[in-house]
Undergrad: 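I'd like to ask you about the structure that follows.
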Number of protein chains: 2
Amino acid sequence: MQRRVTIEDIAREAGVSRQTVTRAMNGMPRISEATRARVLEVSERLGYRPSRFASNLARSTKTKTIAFVVDSFRNPYYSELTADLLDATSARGWQMSIFSHEDEPELQLIGRLASQVDAVVGYLGETDEAALGSAARGVPLVLLGRTATAEGLHSVDFDFGPAFARLAAELRERGAKRFGLLESQPLGTIYKPSSRRIAYEDAVDAHSAEAVVVCEAPPQSMDAGQLGFNELMDRFPETDTVIAFSDLMAMGALRAAHRRGIDVPGQVRLVGVDGLSLGAVTSPALTTLAILGTEFAEQVADVVAKALSGQGDAAARRIVPSILWRESA
Amino acid sequence: MQRRVTIEDIAREAGVSRQTVTRAMNGMPRISEATRARVLEVSERLGYRPSRFASNLARSTKTKTIAFVVDSFRNPYYSELTADLLDATSARGWQMSIFSHEDEPELQLIGRLASQVDAVVGYLGETDEAALGSAARGVPLVLLGRTATAEGLHSVDFDFGPAFARLAAELRERGAKRFGLLESQPLGTIYKPSSRRIAYEDAVDAHSAEAVVVCEAPPQSMDAGQLGFNELMDRFPETDTVIAFSDLMAMGALRAAHRRGIDVPGQVRLVGVDGLSLGAVTSPALTTLAILGTEFAEQVADVVAKALSGQGDAAARRIVPSILWRESA
DNA sequence: GTGAAAGCGCTAACAG
DNA sequence: CTGTTAGCGCTTTCAC
């Protein structure tokens with residue numbers, strides 16, 4: 001365990017002051033090319049590597065790092081969102097670290113992150129707001145896909161009300177009569193209507209609202225969509241329009257439809273939710289209520305920016321998903 | 001711009017020493033519950049947030065963060081790899097930050113990262129090794145998908161030789177007679193045979209090696225696969241086995257086959273390369289030469305670990321892709 | 001259980 | 001152009 005090579009070593013070896021070394025290393029002005037070259041040569045020879053902690057501590061403008069937390073980056077929804085968010089954060093000069101809470105309790109993870117990053121944003125399950133807030137210990141926390149009510153918590157959520165209303169209206173114009181809904185819930189849990197479920201029911205007529213299948217399967221999975229579609233068509237054969245609560249489920253439904261020989265959109269119109277770019281390559285390409293995209297990521301980054309700057313109170317933003325018409329409906 | 005609340009402030013307000021505040025904040029021993037509670041209360045009241053830079057500087061065991069760099073996280077290959085790598089790095093207690101070099105020159109990005117992270121790993125294009133090495137300024141650099149020869153550079157590459165040999169043999173056992181190859185190259189570039197192209201040619205017979213389509217299209221895209229498959233079948237109609245150099249291309253080929261009414265694997269066997277989990281949900285599911293998976297990520301993490309610990313010279317590892325038989329071949 | 005002293009390694013502000 | 005002087009905010013000894 002040899003001692004680290006510090007700026008001091010370079011200074012001594014090059015016969016200059018520490019300050020001069022700093023100037024050379026950081027490409028600062030007020031130093032002659034000759035000494036800069038010499039310092040650089042020495043530092044290379046000695047294998048000097050500046051400490052980012054020391055430099056950030058001393059420097060007035062510090063590196064900002066934001067943590068992005070989701071269940072799993074294997075889910076295309078999260079990985080596409082990651083890409084969007086990375087664009088937004090790096091445009092602002094921030095560094096983005098990623099974390100999944102697959103195997104670490106959520107609150108514990110947040111507690112750890114509080115001492116490692118400048119802000120935490122992510123999909124944080126159902127955890128109690130107060131608990132989240134105190135785990136964050138003052139580090140700005142931006143909740144995604146849910147609305148924060150507690151003091152000091154930020155959020156970016158979706159407003160499915162107008163989205164489903166518009167979707168239902170436009171689908172009716174295209175001839176939709178009988179809607180069917182495909183939702184999923186984790187195995188062994190008790191079903192609790194989501195905010196989008198409520199928005200959906202407001203948007204379709206009472207009769208249609210009964211044609212609902214809640215599939216007990218890994219949520220957001222193609223399997224859930226496949227199973228659910230089959231059950232839906234068995235129980236409500238007159239259904240001509242199916243809305244799945246995620247694009248992955250819709251893709252599963254699409255596969256089930258192919259297998260049953262049901263033409264999409266000829267016999268049954270199919271709409272997903274999420275806006276995965278993956279949905280563009282199915283056949284037919286998937287019409288979807290898009291959440292993903294620049295607007296979402298920009299809103300998130302914007303909330304983070306406000307929170308980081310300390311100004312602006314807790315923001316609870318909502319964005320209205322937009323209909324992305326492709327081929328399946 | 002008010003002054004930051006420091007440990008000093010808490011100490012003064014709570015009537016203890018800075019040391020005691022540290023003990024309280026970090027759950028260290030040798031402090032009474034009473035004073036701990038009091039300090040915590042004060043720190044919360046004053047909105048104290050420890051500086052991670054100061055604490056890392058002073059602490060003997062510092063946070064490690066590694067940078068993962070790719071073209072774009074929108075490419076499923078990279079996003080699946082990201083998930084694999086995140087598992088491997090977080091298991092080792094490292095933080096992982098992600099970066100794309102879509103809009104920043106590679107060398108410039110690496111130069112920046114050198115002062116922000118402890119190691120850089122990624123797919124770094126064709127850039128000259130010497131240039132990469134000097135841009136990294138001593139920070140360990142792990143090149144993926146290419147073999148490093150220069151001093152001090154690490155790499156994890158793939159050995160397609162045995163993989164293609166085995167693949168060709170097993171395909172022949174299953175009845176394959178005429179192979180066709182689907183490759184892509186970026187628009188407007190000059191084709192340069194890749195190492196996998198050479199390995200492929202060693203593995204198939206001379207006649208088959210002529211049935212090759214190099215599609216000028218966004219590489220790794222479904223479109224390239226679709227276009228290429230059509231051209232391949234037009235020019236070499238007797239082809240009964242198609243190997244695409246990425247799963248995305250294979251998926252495009254699969255779509256083209258459907259459109260042409262060619263049964264896969266009945267009339268034409270189809271094999272991709274990468275091992276995308278996405279390939280499991282096509283119909284038929286895609287047989288592939290898998291790169292992705294725990295082994296790759298573990299190897300990478302292992303190389304990083306060695307490099308970080310300073311011991312172990314530059315490692316140039318190679319892993320042999322494994323055949324993942326699914327349905328398409 | 002608590003505190004004092006001595007850094008961690010670097011950069012800002014100023015002087016020369 | 002270069003050096004000196006102070007910190008940045010926290011943790012580590014090591015006394016008490």
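Chain letters run A, B, ... following the sequence lines, proteins first and then strands; every chain starts at 1.
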Undergrad: Within the pair A/T22 and C/dC10, is there a side-chain N or O less than 4.0 Å away from OP1 or OP2?
TA: no
Undergrad: Decide yes or no for B/T22 and B/I7: does some side-chain heavy atom of the first lie under 4.5 Å from some side-chain heavy atom of the second?
TA: yes
Undergrad: Write out a two-atom table: protein N or O, nucleotide N or O from nucleotides 6-9 of chain D, distance below 3.5 Å.
TA:
| residue | atom | partner | partner atom | Å |
| --- | --- | --- | --- | --- |
| D/dA6 | N6 | A/R18 | NH2 | 2.8 |
| D/dC8 | O2 | A/A58 | N | 3.4 |
| D/dG9 | N2 | B/A54 | O | 3.4 |

Undergrad: ring-ring contact (aromatic ring centres under 6.0 Å, His included) for B/F296 and B/F158? Distances and angles first, verdict last.
TA: CA-CA 9 Å; B/F296 183 28; B/F158 315 107; 5.1 Å; yes
Undergrad: Using the rule given for salt bridge (charged side-chain N to carboxylate O under 4.0 Å, His left out), can you reason through A/R38 versus A/E41, listing the C-alpha separation, both sets of side-chain angles and the distance that settles it, and then say yes or no?
TA: CA-CA 5 Å; A/R38 183 158 42 92; A/E41 184 276 319; over 6 Å; no
Undergrad: Are side-chain N/O atoms of A/S79 and A/T82 paired as donor and acceptor at under 3.5 Å?
TA: no
Undergrad: Does A/N26 reach a base, just sugar-phosphate, or nothing at all? Heavy atoms under 4.0 Å.
TA: sugar-phosphate
Undergrad: Rounded to whole angstrom units, what separation is found between the CZ atom of B/R30 and the C1' atom of C/dT2?
TA: 10 Å
Undergrad: Under 4.0 Å between any heavy atoms, over every strand shown, what does B/S32 touch: base, sugar-phosphate, or nothing? Just pick one.
TA: sugar-phosphate
Undergrad: Give a yes or no on whether a salt bridge exists between A/D87 and A/R92, defined as a side-chain N under 4.0 angstrom from a carboxylate O.
TA: no
Undergrad: What is the distance, to the nearest angstrom, from the CD atom on B/E33 to the C1' atom on C/dT2?
TA: 15 Å
Undergrad: With a 4.5 Å cut-off on side-chain heavy atoms, are A/F99 and A/R112 touching?
TA: yes
Undergrad: Would you mind telling me which of D/dT11, C/dT2, D/dC1 lies closest to the side-chain atoms of B/I31?
TA: C/dT2
Undergrad: Scan B/M25 against the nucleic acid and name what it touches under 4.0 Å (heavy atoms): base, sugar-phosphate only, or nothing.
TA: nothing
Undergrad: In whole Å, I'd like the distance from the CD atom of B/E8 to the P atom of D/dT11.
TA: 13 Å
Undergrad: Looking across every strand, which nucleic acid part, if any, lies under 4.0 Å from A/V16 by heavy atom: base, sugar-phosphate, or nothing?
TA: sugar-phosphate
Undergrad: I need the CG-C1' distance between A/N56 and D/dC10, as an integer number of Å.
TA: 14 Å
Undergrad: Is the phosphate of D/dT11 approached by B/S60 (side-chain N or O, under 4.0 Å from OP1 or OP2)?
TA: no
Undergrad: Would you call B/I319 and B/D159 a side-chain contact if the rule is heavy atoms closer than 4.5 Å?
TA: no
Undergrad: Whole Å only: how far is the CZ atom of A/R23 from the P atom of C/dA13?
TA: 12 Å
